[in-house]
Structure formats: C-alpha cells, structure tokens
Amino acid sequence: QEEMSEPMPWFGMDIGGTLCKLVYFEPKDLSGCESLASEVETLRNIRRYLTKNSAYGKTGHRDIHLQMDNVKIKGISGTLHFIRFPTSEMKNFLALAKYKGMAKLVTTVCATGGGAYKFEEDFGKEVNMKLAKFDEFDSLLKGLQYIDKNNPSECYYWANPTEPSKCFKVNHDFSHPYPFLIVNIGSGVSVLAVYSATNYRRVSGTSIGGGTFLGLCCLLTGCNTFEEAIELAAEGDNTHVDKLVKDIYGGDYQRFGLPGDLVASSFSAFASFGQMNSREKRSKVSRQDLARATLVTITNNIGSIARMCATQEKIDRVVFIGNFLRVNPIAMKLLAYAMDYWSKGTMKALFLEHEGYFGAVGCLLQFHE
Ligand code: ADP
C-alpha cells in the first residue's frame, strides 16, 4: 500500500459527545479522477463494503433517506452517504473496520468534533489511520452552505405550529441567508451568529441540551433510547407535570401577556415540573407525561435562549439543527411556535433536513480547499 501515501479524502467524521456522524463520498466515474489502478480497486472494495449494512454492526445506521446523488466535490461527481453510530461504540467501530480490512484501504479520514482529539491515538494505534482534523464550527458552516446549495428542499419551516391538524412543513428558499443564527442542539447547545460565508461568532450556548433531555428522560421514565423517549413524549401530557399560569393566577396574567392556558397549547409553563412537589400529583403522573414534560422543558429553554440571542444580535432568522431534532417534530413545532409567539411574528424558526450531518460534510469539504 506504499503508493497510496496520498491521503484519500472520501470520509468525513464528526465525533460528538453522543453520536459519531460519518459521511462517505462515493465517486461515480473513477476514470475521471486520475487515480492509479490500485486506487480504483480500493474504491470498489470500499463501495462494496459500505453499501452493505453489515458494515455498521448492530448500533450503526445508514440514513438512506438523506443520501445525495449527483453532487460534486472538487469537480468529481458522486454520491454522499450518511451514517451514524453511538460515540460509545467507537472502539468497536475501529475493531470492525480492522476486521473488515478497511484499515488497509483507507489511510486518512477527515475528522472534527471533540472525538477527533479524544480518539486520535486509537485511530493510529488500532487501524493505522491518520486524522486530518478541522475546526467543528468552520466545518458546520461549510457543510451547511454546501448541502443547502445542492438540495433544493433542504430548508423548511413549520406552518401553523399551534394547530396540530393544520401544521405542515413548507419549503424555504435559503439562498440569501445572511445574517442568520444557528442553534445547534446536540448533547449540549451552541449558538452561532453568522454574518457571511466566513464571518461568524459563537454568541452563546447552554449545557442543557439533547444530552440533558435523554439523561433526565431515562432517569424519570426508565427508558433506554432516544427513540423510546420521543415515543413516550408523543403520548404524554406535560400539563399534568408543569405548573401553568392558570394554576397560579386562576386565569390569564394579562399584564405580562401570559395566557392562562399557555400550557394547554403546550408551549410554555409558568414553572416546569412545578406540580411535582405534590405527592398526590406525583402518584397520578405517567411515564409518558414525564417524558413530554422533559421534552417541553428542555425545548422551551433552548427556544428562550435562541430568542434572546436573536434579539441581541438583531437577527430574525434562526436555524435549528443538531440530532436532538431527529424524529422529533414535537420539539420543532414547539420551537416554531415559541419563536413566532414571543417575537410577535418578527422571528422565524427554520430547519434543515440533514440536521446532524453538517460538521461531517464540512470537514470533508475543507480537506479539498
Ligand atoms: P453530539 O455531536 O454532541 O453527539 P448530536 O447533534 O449528534 O450531538 O446530537 C446528540 C443528541 O441527539 C442526543 O443528546 C439526543 O438528544 C439526540 N439523539 C437523536 N438520535 C439519537 C440516537 N439514536 N442516540 C442517541 N441520541 C440521539
């Protein structure tokens, strides 16, 4: 494998606190990229390996619905594949890569996220792979711009978020995006103000994010996965858990514009979990209610921070991303409603289909700059 000292740039990895996101670019026409015959053979092997689901073990998933065909990286046409697995499985992932012979085929992987540092030694020792490391926010923005440009239905918003029967996704043209706020909801939350393709600032963040939701939900309900937590929440009612405005005022608190049934429309409590000091109320509450209350509490807190940042930066478009929003329409609709309601219609919540994968794509792209 000596002739392949040239690093092979087809993998981008974003190794986060909870999930590892892996993006693989599969070139379509191998004759166009001036590769050595041995590299073409290598590519065929990688393709064969990665399009079989056994490649990912029990805990890995390829998000086939997100796959992007006919995209170009550095003039080469190909397909982008999107794969994720729990970061806690990293050691097993490396063992599997070694066992399947991947380690001999790939010499360099582009990487970002904290795990690019944490696991760098393991990549070298276990599978003799080098990591080309890139900054996670640079990567995030590069990936976001690239994917939005290549997917006309990438960006959307939720119409009528207050009326479940009339609430639906609407495509949004994000071709002139600046300035905008990014709220990245991963294990924790980062807020970036983006003024141009290269000019951005991390303006805020909170440690109360997707990791908090999942951790608290597991503690309170005994559930074990994110999917289970979301399913429970979908069937629960947070008004059995939260203290509402009307519980305290007996009606609206008009002076501050707080409607009494604030939580009946389920987007903000006067005091989240405020009823749970009562033994009687606790005895009546269900796992579903607790999951819903946890989801609503975390989401509203993030929405509130997002709104304050947007006001401070005088920005009216707020893009919510990160895997907390995966299979999570409740949180998205809540954010959409809260942004609209509390800003009196001046701010807009936007969402992106490839919500958790921008960092992984972006670090791959940066390799080619
Ligand atoms: P990070 O880079 O910190 O790992 P992500 O953007 O990948 O952040 O989001 C992680 C969060 O996404 C978790 O805290 C959890 O709330 C949510 N999530 C969505 N799907 C899963 C999953 N399959 N396993 C674990 N967490 C998930």
Side-chain angles (χ1 to χ4, degrees), residues 1-26 38-39 42-43 45-47 49-50 54-63 73 80-143 184 186-190 202 205 207 209-211 214-215 322-323 356-369:
Q1 303 291 319
E2 284 310 312
E3 74 272 21
M4 296 198 301
S5 52
E6 176 88 356
M8 286 188 289
W10 303 301
F11 291 93
M13 231 180 183
D14 176 3
I15 313 175
T18 308
L19 293 174
C20 178
K21 283 73 67 177
L22 173 64
V23 166
Y24 161 55
F25 179 68
E26 176 194 351
S38 65
E39 281 192 24
T42 298
L43 272 173
N45 287 336
I46 291 176
R47 178 178 313 182
Y49 172 73
L50 280 173
S54 61
Y56 315 117
K58 286 197 191 70
T59 52
H61 292 276
R62 183 155 65 105
D63 284 314
I73 294 184
L80 276 175
H81 298 277
F82 298 87
I83 297 145
R84 62 185 151 82
F85 60 88
T87 302
S88 57
E89 296 286 325
M90 185 57 83
K91 292 266 163 77
N92 290 334
F93 170 82
L94 291 176
L96 196 65
K98 189 176 185 175
Y99 172 70
K100 299 270 181 178
M102 277 291 284
K104 272 187 259 143
L105 305 175
V106 184
T107 54
T108 301
V109 169
C110 305
T112 189
Y117 297 86
K118 182 177 173 187
F119 296 105
E120 186 170 27
E121 234 185 83
D122 296 312
F123 271 86
K125 270 208 304 247
E126 303 293 320
V127 286
N128 197 28
M129 285 183 200
K130 281 201 206 74
L131 295 185
K133 298 196 290 303
F134 296 94
D135 176 80
E136 69 175 295
F137 295 130
D138 288 352
S139 298
L140 191 76
L141 278 177
K142 291 259 157 60
N184 185 19
S187 311
V189 181
S190 282
R202 184 180 191 273
S207 63
L214 190 50
N323 277 319
Y357 280 111
F358 302 113
V361 172
C363 73
L364 177 60
L365 295 171
Q366 282 186 90
F367 187 90
H368 293 280
E369 284 185 338

OH of Tyr117 to CG of Leu131, rounded to nearest 0.5 Å, is 10.0 Å
CE of Met129 to NZ of Lys98, rounded to nearest 0.5 Å, is 11.0 Å
Could you check if a side-chain atom of Phe11 sits within less than 4.5 angstrom of a side-chain atom of Cys110, using non-hydrogen atoms only?
no
Is Leu364 close to Phe25 at the side-chain level, that is, under 4.5 Å between some pair of heavy atoms?
yes
Residues at least two apart in sequence or cross-chain that pass side-chain hydrogen bond (donor to acceptor under 3.5 Å, both in side chains) with Asn92, listed by chain then number, are Glu89
Heavy-atom closest pair (Ala360 atom, Val23 atom, distance to 0.1 Å) is CB-CG2, 3.6 Å
Contacts of Asp138 that satisfy side chain to side chain contact (heavy atoms under 4.5 Å, CB included) - sequence neighbours left out:
Asp135, Tyr200, Gln366
Where do Lys130 and Thr107 land on the side chain to side chain contact (heavy atoms under 4.5 Å, CB included) test, with the steps shown first?
CA-CA 6 Å; Lys130 281 201 206 74; Thr107 54; 5.9 Å; no
Distance from Thr108 atom OG1 to Phe367 atom CZ, nearest 0.5 Å?
6.0 Å
Do His368 and Ile73 pass the side chain to side chain contact (heavy atoms under 4.5 Å, CB included) test, and can you show the C-alpha distance, the side-chain angles, and the key distance before you say yes or no?
CA-CA 8 Å; His368 293 280; Ile73 294 184; 3.7 Å; yes
For a quick test of reading the model, state the closest non-hydrogen atom pair linking Ala111 to Ala116 and the distance between them.
CB-CB, 3.8 Å
For Thr87, all residues meeting side-chain hydrogen bond (donor to acceptor under 3.5 Å, both in side chains), sequence neighbours excluded:
none
Student check: side-chain heavy atoms of Ser190 and Arg202 closer than 4.5 Å
yes
Spacing of Leu365 atom CG and Phe134 atom CZ [to the nearest 0.5 Å]:
10.0 Å
Among residues at least two apart in sequence or on other chains, which ones pass side-chain hydrogen bond (donor to acceptor under 3.5 Å, both in side chains) with Glu126?
none
Taking all heavy atoms of Ile15 and all of Cys20, pick out the closest pair and write down the distance.
CG1-SG, 4.0 Å
Atom CG in Asn323, atom CG in Leu214: separation rounded to 0.5 Å?
12.0 Å
Would you be so kind as to tabulate the donor-acceptor pairs closer than 3.5 Å made by side chains of residues 118-125, with sequence neighbours excluded?
from: Glu120; atom 1: OE1; to: Lys133; atom 2: NZ; distance (Å): 3.1
from: Glu120; atom 1: OE2; to: Lys133; atom 2: NZ; distance (Å): 2.9
from: Glu121; atom 1: OE1; to: Lys125; atom 2: NZ; distance (Å): 3.2

How would you list, by chain and number, every residue that makes a ring pair (Phe, Tyr, Trp, His ring centres under 6.0 Å) with Phe82, sequence neighbours excluded?
His354, Tyr357
Applying salt bridge (charged side-chain N to carboxylate O under 4.0 Å, His left out) as the test, list every pair that has at least one member in residues 358-369; sequence neighbours left out.
Lys142-Glu369
Inter-residue atom distance Phe85.CZ - Phe93.CZ, 0.5 Å rounding:
4.5 Å
Side chain to side chain donor-acceptor pair (under 3.5 Å) contacts in which one or both residues fall within residues 11-23, not counting sequence neighbours
Thr18-Ser187
Close side-chain approach of Met13 to Thr112, heavy-atom, < 4.5 Å:
no
